[in-house]
Amino acid sequence: PGVRGSEPAAAATEIFLRARAFQPGELLVVAVTLGADASAVNVRVFDRTTTASRIGPGRWEALVGIDLDQAPGPYAVTAVAEGGMRAVKDVTVAPRTFPVRRLTVSPDFVNPPKAVQARIAEESRFLQEVYAGSAPERLWAGPWERPVPHRANSRFGSRSVFNGEARNPHSGADFLSPSGTPIHAPNAGRVVVARDTYFNGNLVIVDHGAGVFSQLAHLSRIDVREGEDVTPGQVVGLVGATGRVTGAHLHWGLRVGDARVDPLSVLALFPPPEAR
């Protein structure tokens with residue numbers, strides 16, 4: 001249900017929230033309805049501001065990520081439209097416990113040798129720049145699709161222990177697909193990364209606009225170029241076992257406004273027609 005703005009001047013503005021669950025690692029859809037026209041609407045929550053997209057007359061929508069490390073507790077979702085229209089709605093993030101996964105990989109992928117440390121640092125800097133440069137407008141539209149048809153072994157958020165040493169949590173979902181399986185773009189966007197990287201192997205990142213990115217990792221082959229526009233379902237490469245892996249699979253990560261989000265949440269909230 002929507003909640004009317006807390007101030008009389010915002011009586012015609014409403015906020016509606018939608019999510020699989022209000023927990024860390026989930027996608028939050030913020031819908032805003034206005035009683036008057038506006039040229040822009042901004043949504044602020046979790047100390048981040050997101051520009052909403054117009055989806056119809058007086059109707060705006062923003063995708064917000066609840067990062068996997070977001071602290072539980074109450075938060076205010078604020079929508080501000082040009083002209084002073086404003087509404088606030090409270091949301092409570094519930095606690096979530098993530099499992100621990102223990103994997104054995106090559107020691108060079110746990111404590112990389114000095115010869116590759118400069119490369120790793122440069123790739124990290126490059127990816128930070130990529131994620132900071134999303135297209136301001138929404139490039140995607142309609143339902144989202146699974147990049148591969150196989151089962152998702154969703155270990156999103158698992159606290160990773162490689163060769164007995166704790167490392168960063170797993171920030172995506174793994175799909176148990178055989179090597180050579182075509183990988184399809186989950187929605188429209190622009191390819192901003194299509195290159196070999198140390199930890200992610202052959203990596204494709206698609207900017208879906210408005211701060212939303214798909215990260216498709218460990219490919220055996222890349223079939224797109226950086227700067228290329230892709231359509232929903234377009235083949236971007238093949239499943240492989242490059243980078244830090246224990247076997248062939250597809251890692252699909254979703255970043256929304258700099259938050260790490262389980263990609264299965266966007267499939268649940270914007271399902272393909274056959275899943276409805």
Side-chain angles (χ1 to χ4, degrees), residues 1-3 15-31 43-50 61-79 88-103 127-128 131 134 143-144 146-148 150-162 164-176 186-187 199-200 205 208 210-218 244-246 249-271 275:
V3 172
I15 295 176
F16 301 85
L17 304 179
R18 189 162 60 97
R20 284 194 311 182
F22 298 109
Q23 289 183 302
E26 292 295 322
L27 179 66
L28 179 63
V29 181
V30 181
V43 171
R44 183 165 180 80
V45 61
F46 309 131
D47 294 323
R48 298 191 304 270
T49 298
T50 302
E61 184 178 79
L63 301 190
V64 176
I66 308 176
D67 187 71
L68 62 84
D69 284 336
Q70 187 68 48
Y75 295 89
V77 181
T78 303
V88 179
K89 182 174 175 64
D90 294 331
V91 62
T92 298
V93 176
R96 182 176 182 180
T97 300
F98 294 103
V100 175
R101 63 172 190 165
R102 301 181 185 277
L103 302 171
L127 292 178
Q128 288 177 355
Y131 289 130
S134 179
W144 286 66
R146 298 166 67 91
V148 289
H150 305 96
R151 181 174 66 89
N153 178 19
S154 186
R155 294 180 176 271
F156 175 86
S158 298
R159 273 37 190 174
S160 301
V161 179
F162 291 100
E165 299 187 36
R167 290 296 184 266
N168 292 332
H170 188 228
S171 58
D174 289 342
F175 292 77
L176 303 181
N187 213 310
F199 286 116
N200 292 306
I205 296 180
H208 301 290
V212 181
F213 294 88
S214 280
Q215 181 192 67
L216 305 161
H218 310 306
R244 185 169 63 186
V245 297
T246 57
H249 71 282
L250 171 66
H251 170 97
W252 178 23
L254 190 71
R255 288 178 69 104
V256 180
D258 206 34
R260 298 158 294 177
V261 173
D262 186 346
L264 299 186
S265 63
V266 76
L267 295 179
L269 294 170
F270 298 93

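Hydrogens, waters and symmetry mates play no part in the numbers below; they use all other heavy atoms, side chains included. Please read all numbers here as calculations on a predicted model, not as lab measurements.
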- Item | pair Val91-Pro74: side-chain heavy atoms closer than 4.5 Å | no
- Minimal heavy-atom distance between Arg48 and Ala259, with the atoms involved, is NH2-CB, 3.7 Å
- In this structure, NE2 of His251 is separated from CZ of Arg244 (nearest 0.5 Å) by 10.5 Å
- Message: Is any side-chain heavy atom of Arg20 closer than 4.5 Å to one of Leu27?
- Response: no
- Task: Could you tell me which non-hydrogen atom of Pro24 sits nearest to which non-hydrogen atom of Ala94, and how far apart they are?
- Result: CD-O, 3.3 Å
- Query: Out of curiosity, Lys89 NZ to Thr78 OG1, how far, rounded to the nearest 0.5 Å?
  - Reply: 12.5 Å
- Note on the structure: Heavy atoms of Pro263 and Trp252 approach each other most closely as CG-O, 3.1 Å
- Message: Is there a side-chain contact (heavy atoms from CB on, under 4.5 Å) between Ile205 and Ser214? Walk through the geometry before answering.
- Response: CA-CA 6 Å; Ile205 296 180; Ser214 280; over 6 Å; no
- Side-chain (Asp262) to main-chain (Glu26) donor-acceptor, under 3.5 angstrom: no
- Task: Identify the two heavy atoms, one from Asp258 and one from Asp67, that lie closest to each other, and give their separation to 0.1 Å.
- Result: O-OD1, 4.3 Å
- Query: Got a second to check how far His249's NE2 is from Asp174's CG, nearest 0.5 Å?
  - Reply: 3.5 Å
- Task: Considering non-hydrogen atoms only, spot the tightest contact between Leu264 and Ala152 and give its length.
- Result: CD2-CB, 4.0 Å
- OH on Tyr75 to CD on Gln70, rounded to 0.5 Å: 4.0 Å
- Message: Applying side-chain contact (heavy atoms from CB on, under 4.5 Å) to Val88 and Val77, what does each step give before you reach the verdict?
- Response: CA-CA 6 Å; Val88 179; Val77 181; over 6 Å; no
- Looking only at non-hydrogen atoms, find the nearest pair between His218 and Phe199 and report the distance. CE1-O, 3.5 Å
- Message: Please identify which of these residues, Val93, Val64, Ile66, meets the side chain to side chain contact (heavy atoms under 4.5 Å, CB included) condition with Val45.
- Response: Val64
- Item | Close side-chain approach of Leu63 to Phe270, heavy-atom, < 4.5 Å | yes
- Item | Lys/Arg cation over aromatic Tyr131: Arg255, 6.0 Å, 45° cone | yes
- Query: Do Leu68 and Arg96 have side-chain heavy atoms sitting under 4.5 Å apart?
  - Reply: no
- Item | Atom pair CG/NE2 of Leu176 and His150 - distance to nearest 0.5 Å | 9.5 Å
- Message: Please report the interatomic distance OG1(Thr50) to CG(Leu28), rounded to the nearest 0.5 Å.
- Response: 9.5 Å
